[in-house]
Amino acid sequence: MNVLVVGGGGREHALAWKLAQSPKLVRMWCAPGNAGIAAEKCVDGSAVECLPIAADDVAGLLAWARVSRPDLTVVGPDNPLALGIVDLFEAEGLKIWGPNKSAARFESSKAFSQAFMEKYGIPTARAGVFAEATAARVFASELAGRCAVKADGLALGKGVVICHRLEEAEAAIDEMMIGRAFGEAGTRVVIQELLEGPEISLHALCDGRTAQIFPTSQDHKRALDGDQGLNTGGMGAYSPTRYLSDEELAETAERILEPWLKGCAAEGITFKGILYPGVMLTRTGPKVLEFNARFGDPETQVYLTRLENDLLEVLTACVEGKLSDHPLRFRSEAAVCVVMASGGYPGNYAKGQLIHGLEQAAALPGVKVFHAGTATGADGHVLTSGGRVLGVTALGATIREAQALAYQAVQKIQFNGAQYRTDIAAKALA
Ligand code: AMP
Ligand code: GLY
């Protein structure tokens, strides 16, 4: 099969790396890809080809696919999904993995998701959806200002403000709804009560009728150790977590996925792809904070390191509605991914820094260095080109071993300004 992967971050490197291990794969392209993806080889030794087309240039991707006719396209990021890339490709008879535009609303509209969860009895926070600032302020005051104020639409992961006082909530509401800090995304806001407890990532692969749950994982969203500093795209992840036993995970999955599948059927939504609920484990049970309609980044890096199945087979079955023929199998080993980021991230940062030590890190058994923001320089050297640069991922018999190995690999890698958290997976060991 010839496969196109859309995206160019750490998640897409993990997808491309895992897909490239399939004996069914003949050729692979990635748009736009990165230096690490370009260095991957298919089973027959052929190289993965990176295309200079942006992940959200859906017209450009479609024009390319009309000519090159990939047998399967795998979409990584949320933007092209929200823009309807799946509908466009399907209309041309091109097989593509990911939710269509209607199904991608679980991520592209928090108001849609909140209303859906309430309608179908999916455990979530007490919440309101508002198209008008005054009503939003009244609800925030009912919650005594202890709330999460969320822009309805996609806002580059910045559309959520956690508030502890009414003044903070009012300022967030005004910024989104009146100041239009996130443009159209703030036409409506969702306000949720503030929940407390450990937060985990769940992922379920869905083929439109059935769903299969992945093991638990946990992201580290803040920039600095001890969950301090600014919110980022994710500074590291590990899997499994210690928060849910296998039985509790199955029970949680059932409480979320059963009503979700029923609701999808009732609403005529055919969801093919990954449903990624962000879940808070509160004292009164697990509650869904939000749905994403794609793989998490860096959760994908730890999940695909643990996945035993042929990913190409699984994703093809998913598109064909035959997922139940392919039960997911995961290694019992734990995986830890430590993100190395550019100095200053998530604020301003320099690009074009030379990265040293990649080969030494990769030579450690059990280590895979996934690239995120990297590019190949004129002389073939690997340079930084984004905020999150690398996802240094290790597999170990235990979380402790995987963590030690991941940090051993991190020590081998240097670039100017490199920053990373030193406490990824520490919560699993506390
Ligand atoms: P979201 O994009 O909805 O996942 O929100 C981003 C982050 O804000 C989440 O990962 C949580 O850490 C936090 N958050 C979102 N909703 C709530 C809530 N209702 N209570 C407490 N924290 C929340
Ligand atoms: N790991 C956070 C995200 O992918 O949204």
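One-based numbering, in listed order, for ligands and for the atoms of each. Side chains included, hydrogens not; waters and symmetry mates left out as well; all remaining heavy atoms used.
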message: With side chain to side chain contact (heavy atoms under 4.5 Å, CB included) as the test, pick out the partner of F116 among S109, C264, P259.
response: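 Per the side chain to side chain contact (heavy atoms under 4.5 Å, CB included) rule, the option paired with F116 is C264, out of S109, C264, P259.
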Run down the list [options] and name the one with the heavy atom closest to [atom].
atom                    : options                : result
atom 15 (C) of ligand 1 : K150, K110, Q192, E107 : K150
atom 20 (N) of ligand 1 : L195, V160, T124, I191 : L195
atom 12 (O) of ligand 1 : E199, R222, M280       : E199

Atoms of ligand 1 close to [X] [distance to a heavy atom under 4.0 angstrom, numbered from 1]:
X    : answer
L194 : 20 (N), 21 (C)
K221 : 10 (O)
E290 : 1 (P), 2 (O), 3 (O), 4 (O)
I162 : 8 (O), 13 (C), 14 (N), 22 (N), 23 (C)

query: Regarding R105 and the six-membered ring of F112, is the cationic atom NZ or CZ under 6.0 Å from the ring centre and inside 45° of its axis?
result: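 Yes, R105 sits over the ring of F112.
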Under 4.0 Å from a heavy atom of [X]: which atoms of ligand 2 are those, numbered in the order shown and with their elements?
X    : answer
G233 : 1 (N), 2 (C)
G296 : 4 (O)
D219 : 1 (N), 2 (C)

Lys/Arg-Asp/Glu bridge criterion (N-O < 4.0 Å) met for K427, D227: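 Looking at K427 and D227, the cut-off is met.
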[X] side chain to [Y] side chain, donor-acceptor N/O pair below 3.5 angstrom:
X    : Y    : value
Y303 : S217 : yes
Q114 : Q192 : yes
S201 : D219 : no
Q218 : Y238 : yes
T232 : R388 : no
E267 : Y120 : yes

- prompt: Where's the contact between N231 and ligand 1, heavy-atom distance under 4.0 Å: side chain, backbone, both or neither?
  reply: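 Near ligand 1, N231 shows nothing, with every heavy atom at 4.0 Å or more.
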query: Where's the contact between E196 and ligand 1, heavy-atom distance under 4.0 Å: side chain, backbone, both or neither?
result: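 The answer is neither.
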message: Is the contact between R11 and ligand 2 made by the side chain, the backbone, both, or neither, using heavy atoms and a 4.0 Å cut-off?
response: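 The answer is neither.
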task: Indicate yes or no: does an N/O atom of R294 lie under 3.5 Å from an N/O atom of ligand 2?
output: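 Between R294 and ligand 2, an N or O pair is found under 3.5 Å apart.
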message: Evaluate K221 for polar contact with ligand 2, using N/O atom pairs at a separation under 3.5 Å.
response: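 No, K221 has no N/O under 3.5 Å of an N/O on ligand 2.
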query: Is atom 7 (C) of ligand 1 less than 4.0 angstrom from at least one protein heavy atom?
result: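 Under 4.0 Å from atom 7 (C) of ligand 1, zero protein heavy atoms found.
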- request: Using the test ring pair (Phe, Tyr, Trp, His ring centres under 6.0 Å), find all partners of F89 that sit at least two apart in sequence or belong to another chain.
  value: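 Checked F89 against ring pair (Phe, Tyr, Trp, His ring centres under 6.0 Å); zero matches.
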